[in-house]
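Structure first, then comments.
Order of the sequence lines fixes the chain letters, A, B, ..., with proteins taken first and strands second; residue numbering starts at 1 for each chain.
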There are 2 protein chains.
Amino acid sequence: MSDMRNELLTSAEGLIRRRGYSGFSYADLSDRVGIRKASIHYHFPTKEGLVATVLQTYRDRYMGALHRIEENFGNALDRIDAYGRLYLIGVDKGLGCLCAALSSELEILPVDLRTGTVAFFREHLAWIEKIYQVGRQNAEVNASLDDLQAARIVVSSLEGALMIERLLDGSAGFEITMKAIRTSLSPPILVNATRAG
Amino acid sequence: MSDMRNELLTSAEGLIRRRGYSGFSYADLSDRVGIRKASIHYHFPTKEGLVATVLQTYRDRYMGALHRIEENFGNALDRIDAYGRLYLIGVDKGLGCLCAALSSELEILPVDLRTGTVAFFREHLAWIEKIYQVGRQNAEVNASLDDLQAARIVVSSLEGALMIERLLDGSAGFEITMKAIRTSLSPPILVNATRAG
DNA sequence: AATTATCATCCTACTAGTAGATAGGCAAGC
DNA sequence: GCTTGCCTATCTACTAGTAGGATGATAATT
């Protein structure tokens with residue numbers, strides 16, 4: 001892959017994450033990478049194709065990161081914490097989630113971008129479900145949440161927090177949500193397992 | 001306020017929540033309300049002004065709903081549940097959150113829309129914080145989360161879930177997140193308050 | 001080694017279509 | 001007779017995308 005092609009992909013990703021799909025143009029891209037609009041069409045004939053490639057790259061990068069988290073962390077809560085810090089990078093750079101940006105324009109989104117976005121979220125949910133399941137077997141997590149619930153609240157709240165804190169309080173705000181997630185997923189503090197009823 | 005003006009506001013809100021700010025045009029609006037593009041400019045001279053009005057209406061409607069929830073529900077968890085069901089309406093109708101759509105285009109968003117979006121989220125966070133504080137005083141909620149944390153995880157996860165489940169599993173998926181929130185905010189099940197250390 | 005052909009990458013110049021917005025006119029109602 | 005609410009026609013700026021040519025590096029041929 002040529003340098004220019006990669007530069008285009010990187011620049012396009014940033015633009016979409018800051019402006020949305022309809023909100024960026026080949027002219028914007030041209031300003032940033034330093035070649036003419038028509039030359040961009042040489043590398044990516046259509047905008048849809050360009051963004052489809054951006055999306056695939058984004059998914060691959062995340063899947064790689066998830067794999068590395070599993071290698072580097074053993075505890076379920078630490079793994080989920082590390083997962084949350086992936087989003088934090090976006091907050092710091094002022095970048096929203098690519099798939100959040102795409103989903104905001106759902107109705108006018110080309111089908112392949114839609115299916116790619118769906119796949120992104122399913123990949124993430126499935127991963128958290130797996131992590132939580134292992135965590136439950138090791139008694140590392142709050143068992144009053146099942147795997148589906150845990151995955152849902154983790155991905156949802158991190159996606160939501162990334163969107164909100166980019167507008168409000170940045171990483172400081174984001175970390176409040178991260179702390180709340182960890183507290184919610186932690187096993188209840190040392191209990192005599194007494195139960196009502 | 002004339003009927004046409006309200007029709008335009010309603011139609012514009014729907015379009016933004018399904019297509020984003022850059023993703024909808026006066027031509028789209030014209031198709032839906034049945035008057036010409038130029039006539040829309042009579043009611044709303046600029047797109048920015050139109051959307052600013054849409055946003056204010058949206059905020060007002062939500063604030064009214066929050067007020068009604070306080071009147072109709074006494075328990076903190078029931079109030080937060082009712083709050084979550086406001087989002088659920090969007091999931092059912094295939095509509096994302098207006099402010100989520102706007103925030104996806106942050107970098108190219110006119111300033112007044114940005115400040116309105118910020119205000120929306122601050123209003124919601126402040127409301128949940130208040131509800132949770134009262135709930136804590138009445139021992140209705142999980143005290144291991146403070147008000148800021150509770151508000152953050154509620155608003156973030158509901159915003160995230162609305163975005164995600166519109167793509168994935170609709171209201172069925174959304175309710176998993178809602179259940180997870182309620183579990184997380186509930187006081188830990190009957191405990192002897194034994195503590196380590 | 002010199003020459004030729006091929007290919008990758010960029011360019012200028014252009015298309016048709018759409019964006020938000022304006023000018024000025026027409027009809028109905030108070 | 002002025003205001004309200006719509007119209008047609010038009011404007012400029014921008015959209016994604018195309019046509020065809022210039023450049024320069026590499027490969028193939030002589």
Side-chain angles (χ1 to χ4, degrees), chain A residues 1-55 98 101-102 104-114 116, chain B residues 1-55 98 101-102 104-114 116:
Chain A
M1 268 207 255
S2 76
D3 278 5
M4 182 50 70
R5 194 183 149 88
N6 281 323
E7 239 186 282
L8 284 165
L9 289 172
T10 305
S11 204
E13 183 188 317
L15 279 166
I16 301 167
R17 294 173 69 182
R18 283 177 279 114
R19 305 186 173 193
Y21 179 68
S22 299
F24 96 99
S25 71
Y26 271 37
D28 296 324
L29 216 40
S30 168
D31 290 342
R32 279 159 185 75
V33 301
I35 65 173
R36 299 284 177 172
K37 269 178 17 172
S39 308
I40 303 177
H41 282 282
Y42 166 76
H43 295 280
F44 297 99
T46 69
K47 188 182 183 183
E48 176 180 343
L50 163 63
V51 178
T53 311
V54 167
L55 177 52
L98 178 74
L102 294 178
S104 289
E105 305 182 43
L106 198 56
E107 196 177 74
I108 50 171
L109 212 61
V111 270
D112 55 333
L113 297 182
R114 186 193 170 117
Chain B
M1 267 208 255
S2 75
D3 279 5
M4 182 50 71
R5 194 183 149 86
N6 281 322
E7 238 186 283
L8 285 165
L9 289 171
T10 305
S11 205
E13 182 187 318
L15 279 166
I16 301 167
R17 294 172 70 181
R18 283 177 279 113
R19 303 186 175 192
Y21 179 68
S22 299
F24 96 99
S25 71
Y26 271 37
D28 296 325
L29 217 38
S30 169
D31 290 342
R32 279 159 185 76
V33 301
I35 65 174
R36 298 286 175 169
K37 265 178 20 171
S39 308
I40 302 177
H41 282 281
Y42 167 77
H43 295 279
F44 297 99
T46 68
K47 189 182 183 182
E48 176 181 343
L50 163 63
V51 178
T53 309
V54 168
L55 177 52
L98 178 73
L102 294 178
S104 289
E105 305 182 42
L106 199 54
E107 196 176 75
I108 50 172
L109 212 61
V111 271
D112 55 332
L113 297 182
R114 187 195 169 115

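- For the pair A:His43 NE2 and C:dT9 P, the interatomic distance rounds to 6 Å; values are reported in whole Å.
- The phosphate of C:dT9 has neither OP1 nor OP2 within less than 4.0 Å of any side-chain N or O from A:Ser39.
- Note on residues 22-37 of chain B: pairs passing salt bridge (Lys or Arg N to Asp or Glu O under 4.0 Å), not counting sequence neighbours, are B:Arg19-B:Asp28.
- Between B:Tyr42 and D:dC6, a side-chain N or O to OP1/OP2 separation shorter than 4.0 Å is absent.
- The stretch residues 25-45 of chain A participates, sequence neighbours left out, in these ring pair (Phe, Tyr, Trp, His ring centres under 6.0 Å) pairs: A:Tyr26-A:His41.
- Taking 4.5 Å as the limit, every side-chain heavy atom of A:Ile35 sits out of range of all side-chain heavy atoms of A:Leu29.
- Contacts of B:Ser22 classified as side chain to side chain donor-acceptor pair (under 3.5 Å), with partners at least two apart in sequence or in another chain: B:Glu105.
- Legend: salt bridge (Lys or Arg N to Asp or Glu O under 4.0 Å) pairs involving residues 7-18 of chain B, not counting sequence neighbours, sorted by first then second residue: A:Glu107-B:Arg18, B:Glu13-B:Arg17, B:Glu13-B:Arg61.
- Distance B:Leu29 CG to C:dG20 P: 10 Å, rounded to the nearest Å.
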Query raised in the report: Along nucleotides 9-18 of chain D, 5' to 3', which nucleotides get a B, which get an S, and which get a -, given that the test is a protein heavy-atom distance under 4.0 Å?
Result: B-----BBBB
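- Put simply, CG on B:Asn6 is 15 Å from C1' on D:dG5, counting in whole angstrom units.
- For B:Leu106, the side chain to side chain contact (heavy atoms under 4.5 Å, CB included) partners are A:Arg166, A:Leu167, B:Arg114, not counting sequence neighbours.
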